[in-house]
Amino acid sequence: MKQKTKWTICAGLAVAGLAAAALLLAVFVSRLVGGILLAVLAVAGIVAFYSRRFLSGETAVRDSWKVKTGKYLSGDQELHVSSFAASCKSDLDILQIVPDEAEEKGFTYYDRQVQERLAAAIVKLSSKGRYTLEKPLAILNPFGTAGNSLYLSFTTTFQGQVRYTIHVDREDIPDYTARANDGDGATTRHEFQIIGLVPGMKNHVTLELIGPKGRLVNDMAFTVEMPKPVSEYQVKLDYQEGESTAPLSSGLYTLVRVGGHNGYAFFYDNSGVLRYEMVLEGYSLDRILWYKGQMLTCVSTFKLAQFNALGQAVAVYPLEGYEMHHDMALKGDEPKVLILTSDVGEVNDVEDLLVELDLETGAVTQLLDFKDLFRSYYEQETSTITPQDAFFWMAGKNDWLHLNTIQYIPEGDSIIVSSRETSTIIKVVKIHTAPEISYLIGDPAFWQDTDFARYSYTPVGDFVPQYGQHTVEYQPDSVLPEGQYYLRLYNNNYWANSTRHGWKPPKLPDSVGTVLAGGSLTSQMYRYLVDEKARTFSLVFSFDVPYSSIVSNVTPLEGNYICNSGTAKVFGEYDGEGRLIRQFAYECGLQTYRTPKDTFIGFWFR
């Protein structure tokens with residue numbers, strides 16, 4: 001069944017288009033009634049309307065979980081789960097299991113009890129027959145969390161590990177081979193998700209049992225016509241080769257918060273083929289964390305979930321009055337997550353709070369209100385955003401800091417956060433006891449006439465400091481002297497401030513963008529060397545990437561860099577010297593937030 005949600009329209013509207021539409025309508029109204037005041041009101045009203053729609057798109061929760069199924073087979077009155085023949089054609093017997101209340105108002109798969117009932121239903125199904133490699137227990141998307149997931153369970157006479165290959169009849173889609181994470185070592189009991197089935201196509205799958213000595217013990221083959229993507233998103237991305245001949249890293253690229261497709265995450269292989277479609281309650285992943293071998297991520301702006309390799313949300317964590325935005329980090333090895341949030345009940349101030357989630361108890365505790373750390377700046381320098389400001393879609397809000405990245409450092413109980421609105425990297429120490437600012441890294445001119453100038457580090461060398469940066473990450477190096485380390489970041493190279501009215505950088509270089517569409521400008525991957533003893537920072541490595549005024553990320557993997565330029569609607573993989581290996585183009589509305597990459601070895605794959 002074609003799925004629609006009430007919030008997917010707004011993110012497809014480009015900022016430039018909104019501004020132009022508002023201006024044209026204002027002129028029309030002005031000429032029609034001859035009133036300048038009415039024209040101004042028209043602009044403000046249109047901007048406010050689209051602003052609300054844009055913001056509500058990110059916070060909205062999925063209102064429909066309907067799925068297409070095949071023939072009804074049986075029901076379980078104890079678990080309130082029904083079994084169906086799968087809606088997809090296959091020469092394998094494939095089931096679907098669906099909670100009986102799945103079409104009721106307010107239902108969500110991201111409820112721990114729902115997930116436990118589905119897991120119990122799988123156990124019951126497993127006990128009803130002897131499933132073998134030739135005739136496995138096969139269930140399509142058993143936990144409702146992935147559009148093209150296929151669960152398999154079976155036993156084999158001989159021990160081994162499962163390797164599978166997926167082939168489709170298209171020349172531009174290569175075969176996909178992986179080793180399933182089907183148990184510890186060689187085993188006779190196999191249970192896993194097949195990751196890599198291409199949505200909307202006929203997949204020819206070969207399963208091979210590889211013995212302890214690497215020899216083929218047994219194999220089988222089947223075909224399955226997988227359903228189209230639930231999101232209706234692209235199955236194949238276009239790409240172009242770069243100048244570098246270095247190999248691409250292994251793994252899957254993850255498109256996060258794709259404009260117009262909130263409530264999903266998309267995992268693509270090195271050929272740009274969609275290999276996994278994650279179906280969420282709303283919003284998107286922002287960041288994937290790994291806790292005790294399981295995937296921990298947000299599934300809406302109000303909820304986190306922890307997944308096992310089968311796609312089951314084994315734990316669900318409501319944020320209790322807080323709305324997540326942009327990033328989170330584990331507190332070292334402890335079962336706690338630090339999350340950047342806004343207060344749901346706060347009318348004006350947004351994106352300036354830090355909370356801590358206890359993964360064992362589910363308790364959410366507010367640790368920091370950054371207004372307390374920057375009180376005089378907040379009260380004396382900032383004001384709410386107007387429809388005429390650069391970030392007009394936030395009109396009426398005081399997004400005075402706009403935190404977009406967090407890193408936790410156990411030494412000193414510290415965090416490093418990125419503030420887009422001030423183009424500043426901020427370190428705060430003793431966050432659980434007596435929080436205080438350690439330093440500010442960015443253009444020192446921004447803080448010069450404030451109470452916080454003393455925290456600014458001095459740039460050393462001939463370079464332009466970052467503006468509007470994202471994904472700032474801490475990189476310690478044992479070779480460096482004490483007090484020195486690296487910071488890696490995506491330098492958007494874009495200056496705009498919508499809350500400190502009347503202030504502009506005194507010497508903004510021509511190379512820095514000041515409009516959302518950058519023309520011939522570029523963004524950069526930056527690596528800073530930070531010296532806390534000397535209170536300095538210097539640029540030690542950088543390379544250009546396609547310009548993106550907002551959003552975007554840089555992620556390292558296997559010696560390469562993956563860089564997403566969100567408003568340019570491309571992501572690329574670069575070698576260790578910053579030369580492009582391959583660049584992918586994707587469709588979206590305004591932007592796509594991040595595109596990290598991971599091997600997922602030890603989770604989905606061996």
Side-chain angles (χ1 to χ4, degrees), residues 3 5 7-8 11 58 60-62 64-67 108-111 114-115 118 139-151 176 178 181 192-200 226-235 237 251-269 272-291 294-317 324 328 553 555 564 571 586-588 592-600 603-605:
Q3 299 221 4
T5 49
W7 34 264
T8 55
E58 291 199 336
V61 174
R62 186 179 297 276
S64 174
W65 293 92
K66 292 181 180 179
V67 294
T108 176
Y109 274 102
Y110 288 97
D111 178 297
V114 171
Q115 294 288 303
L118 292 168
I139 306 174
L140 181 68
N141 187 15
F143 296 102
T145 60
N148 60 328
S149 162
L150 183 61
Y151 165 92
Y176 187 81
N181 188 14
F192 57 94
Q193 276 193 96
I194 290 187
I195 304 297
L197 295 167
V198 183
M226 292 299 290
K228 293 181 179 180
V230 179
S231 60
E232 302 181 349
Y233 196 60
Q234 292 174 269
V235 172
L237 303 180
L252 296 171
Y253 305 98
T254 308
L255 266 67
V256 169
R257 274 172 58 195
V258 177
H261 295 277
N262 289 327
Y264 301 95
F266 307 109
F267 297 74
Y268 287 89
D269 67 14
V273 180
L274 180 61
R275 296 296 180 178
Y276 197 69
E277 177 193 44
M278 205 164 179
V279 182
L280 308 170
E281 190 174 272
Y283 199 54
S284 191
L285 303 185
D286 267 359
R287 185 185 290 271
I288 294 173
L289 301 176
W290 298 104
Y291 177 68
Q294 297 188 332
M295 178 189 290
L296 178 67
T297 189
C298 53
V299 295
S300 75
T301 52
F302 310 106
K303 190 179 290 184
L304 271 66
Q306 186 175 328
F307 296 87
N308 66 18
L310 301 177
Q312 179 187 354
V314 295
V316 178
Y317 304 99
M324 178 182 173
M328 60 185 184
N553 72 287
T555 303
N564 174 55
F571 67 88
Y586 53 81
E587 297 174 1
C588 68
T592 290
Y593 191 62
R594 289 176 178 167
T595 307
K597 191 179 187 181
D598 199 297
T599 64
F600 298 98
F603 184 64
W604 286 328
F605 311 117

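Other residues, nucleotides and ligands place no more than 12 heavy atoms under 6.0 Å from the CD atom of Glu587.
Atom CG of Leu304 is separated from atom OH of Tyr110 by 11.5 Å, given to the nearest 0.5 angstrom. Distance CG/Asn262 to OG/Ser284: 7.5 Å, rounded to 0.5 Å. In this structure, OG1 on Thr145 lies 9.5 Å from CE on Met295, to the nearest 0.5 angstrom. Once rounded to the nearest 0.5 Å, the distance linking CG of Asn148 with CG of Leu197 reads 6.5 Å. Here the CE-CD1 distance, from Met226 to Ile194, works out to 9.0 Å after rounding to the nearest 0.5 Å. The CD1 atom of Ile288 sits 10.0 Å away from the CG atom of Leu296 when rounded to the nearest 0.5 Å.
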### Query
Does the pair Thr108 and Arg62 meet the rule for a side-chain contact (heavy atoms from CB on, under 4.5 Å), with working shown?
CA-CA 8 Å; Thr108 176; Arg62 186 179 297 276; over 6 Å; no
### Task
Quick one: do Tyr593 and Tyr283 satisfy side-chain contact (heavy atoms from CB on, under 4.5 Å)? Show the steps, please.
CA-CA 11 Å; Tyr593 191 62; Tyr283 199 54; over 6 Å; no
#### Entry: Pair Val299-Val316, side-chain contact (heavy atoms from CB on, under 4.5 Å): steps then yes or no
CA-CA 9 Å; Val299 295; Val316 178; 5.7 Å; no
### Message
Test side-chain contact (heavy atoms from CB on, under 4.5 Å) on Val61 and Lys303; report intermediate values, then the result.
### Response
CA-CA 10 Å; Val61 174; Lys303 190 179 290 184; over 6 Å; no
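Counting heavy atoms from C-beta outward, Leu310 and Pro142 have side chains that stay 4.5 Å or more apart. Residues His261 and Leu255 are not in side-chain contact: their nearest non-hydrogen atoms beyond the backbone lie 4.5 Å or more apart. Contact of the Phe266 side chain with the Glu277 side chain is registered, since non-hydrogen atoms from C-beta on lie closer than 4.5 Å. Residues Asp286 and Arg257 are in side-chain contact: their nearest non-hydrogen atoms beyond the backbone lie under 4.5 Å apart. Side-chain contact between Asn181 and Phe192: absent, with no pair of heavy atoms (C-beta onward) separated by less than 4.5 Å. Between Asp269 and Tyr176 the shortest side-chain heavy-atom distance falls below 4.5 Å. Counting only heavy atoms from C-beta outward, the side chains of Asp598 and Thr254 never approach each other to under 4.5 Å. Under the 4.5 Å side-chain criterion, counting only non-hydrogen atoms from C-beta, Val258 is in contact with Cys588.
Ring centroids of Tyr233 and Tyr264 are separated by 6.0 Å or more, keeping the two rings apart. Taking the six-membered ring where the residue is Trp, the centroids of Phe600 and Phe267 are separated by under 6.0 Å.
Residues Thr592 and Asn564 approach most closely at O-ND2, 3.1 Å, considering heavy atoms. Contact between Phe603 and Ala309 at its shortest, heavy atoms only, is O-CB, 3.2 Å. Summarising the geometry of Trp604 relative to Leu252, their closest heavy-atom pair is CZ3-CD1, 4.2 Å, with the distance given to 0.1 Å. Residues Arg275 and Val198 approach most closely at NH1-CG2, 3.3 Å, considering heavy atoms. Contact between Val235 and Tyr268 at its shortest, heavy atoms only, is O-CE2, 3.9 Å. Of all non-hydrogen atoms in Ala146 and Asn141, the two that sit nearest each other are O-CG, 2.7 Å.
Looking at Glu281, its side chain never comes within 3.5 Å of a backbone N or O of Tyr109 through a donor-acceptor pair. Proximity of a side-chain donor or acceptor of Thr297 to a complementary backbone N or O of Leu285 within less than 3.5 Å is detected.
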